[in-house]
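Below is one structure, written out as C-alpha cells; comments come after it.
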Amino acid sequence: MTMRKISDLNKQDLIGKYVLLRDDFNVQIVDGKITDSFRIDKSVPTINYLKENGARVVICAHLGRPKGEYNKNLSLQIVADYMNIPFVHDCLEKDFLHGMKNGDVVLLENLRFYDGEEKNEDDFAKKLSQGFDLYVNDGFAVSHRKAASVSGITKYLPSFAGMLLVQEIENLTNIMQHPKRPLLVFVGGGKVSTKLRLLKRLVTIADKLVIGGAMGTTFNYARGYNVGNSLYEPDMKQDALDIINMAQENNCELYFPLDKGVGKSFSSDEIRINKSIDNIDDDDVIMDDGDKTISRNAELLKDAKTVIWNGPFGVTEWGEKWGKASFEFAKTLAQYTREHKIESIVGGGDSVSVLNVCDIMQDINYVSTGGGAFLEFIQGDILPGIDALVENNIELDL
Ligand code: 3PG
C-alpha cells in the first residue's frame, strides 16, 4: 500500500502552495463553548508544518449533521475563534485565496451545509478543489465516511496524508498486529448492534474480552438474567449468543457485568443501589456497572500487557454517581500505564471524555481521535478516506 505523506514532500515544494487541509473539528459544544478541544489540538502539528514551510493553508471540516442546510448553531466560526484564525463564511468561496500570503491559515465554513459533501457528489468535490495545488487529509476521525472532502476530492488534486492521519494508522496498526500479550479489550457503550462486527473481530484477537455497560446488559439478558426496565436490545439475543460461541472457539475469555448500579427510573437523581445480576427486579433501571464488577475489572488489569478501551460502562455524562465504573476503570488504567505495567489505547468520544474529566489523558499511551473511524479501523475495515489516498498519483505541479 502506498500513501504519500506530507513529510515525503521536499519542504521547498510547499512554498506558496495552496493546500486544502481536511481536519475533523466535530467537537463537543455546550452553551456556545467548546468543551473538548482534543481533536482541534491534535490537528496543530500538521497545520504548523504546512504553515512553517510556506504553504497557504485552507482548512475544511464539518460540525454535526446539518443535512445540507445552513444552521447557525453548527457554524465552524466558534472553532476559528478558538484557533484565532480567519474564517470564510462559505466553503466554496474562492475570492479570498488571492489575498493569502505564504504561511497564512484560514478555516472554511461547515462543509455539510452543502448536501454534496455527505453525498460525495463529484460536482461538489470538483468545486471544492478549485484554486488548490494539493490536498491533505488529516481528519482520521471522518475517514470512515465516503464524503466529497474525504474521498471524492482525491480525484482532482495530488493528495497526501497529514501527520495525525499517519500517526493514527501507525499506532492502531501496530497495536492490532503486534500487541504485547495478554491483550485485554474492554468494550462498553449502548448498543451491541453498532459493535457487532467489532465484537466478532475482537474475539479472534483478544485474550480476554470484557463487555460492560448497556452492551453487557444485553449479553446478560441473552444469558438468561432479568434486566428489569433497562436499556438493552432484545433483538440481539442470538447475536450475543453467537459471539459467546465464537469466543469459545477462539479461546478468548469473555467477562460480563457481575452486578449493576440501579435506580427506579432513568434519571441522574435516583439513589444508586448496587444489585447482583441475579437479583434485578422488573422495575429496576440499570445505569452503571456495579461495585463487584469494578473490582473484578481492576483485578483483570493486573495481568494485562495491552489494554484497549472503547465505550463507557454507565451514564458517564451524569458524573461520578452513574459514571463510577468508567471513572474507576479509567483511573486504574492510567495508573498501571504510568507504572509501565500496561500499554493502553483508548478510542471513542465518551471514553475520551472520561479521560478528560479525570485529567488522565496524558497518562494513556495512545488516545485516538476517532469514534466510528476508530471502531471501523480496529475491526479491520478499509476506511474510504485512507483508501482514496492509496495509489493517488496525481503529480504535484512544481
Ligand atoms: C465523528 O465525530 O465520529 C466524525 O466526525 C464523523 O461524524 P459523523 O458520524 O456525523 O459522520
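Both ligands and their constituent atoms are indexed starting at 1 by order of listing. Count residues from 1 along the sequence.
Between Tyr114 and Phe124, the angle of the ring planes lies from 30° to 60°, which puts this pair in the tilted group.
Nearest residue to atom 7 (O) of ligand 1 from Asn26, Val27, Thr369, Asp24 is Asn26 (criterion: closest heavy atom).
Taking every non-hydrogen atom of Arg112 and a distance limit under 4.0 Å, the qualifying atoms of ligand 1 come out as 7 (O), 8 (P), 10 (O), 11 (O). Under a 4.0 Å criterion applied to the non-hydrogen atoms of Arg65, ligand 1 contributes the atoms 8 (P), 9 (O), 10 (O).
Scanning the protein for heavy atoms near atom 3 (O) of ligand 1, the closest one is Arg39 NH2, 3.6 Å. The shortest contact between atom 11 (O) of ligand 1 and any protein heavy atom is with Arg145 NE, 2.6 Å.
For Trp309 (side chain) and Gly311 (main-chain N/O), a donor-acceptor pair under 3.5 Å exists by modelled atom type.
A side-chain donor from one of Asn137 and Ser143 sits under 3.5 Å from a side-chain acceptor of the other. Gln238 and Asp242 form a side-chain donor-acceptor contact under 3.5 Å, judged by distance and modelled atom types alone. Asp41 and Tyr82 are linked by a side-chain donor-acceptor pair at a separation below 3.5 angstrom, with hydrogens and angles left out of the test.
Within the 4.0 Å heavy-atom shell around ligand 1 one does not find Glu118.
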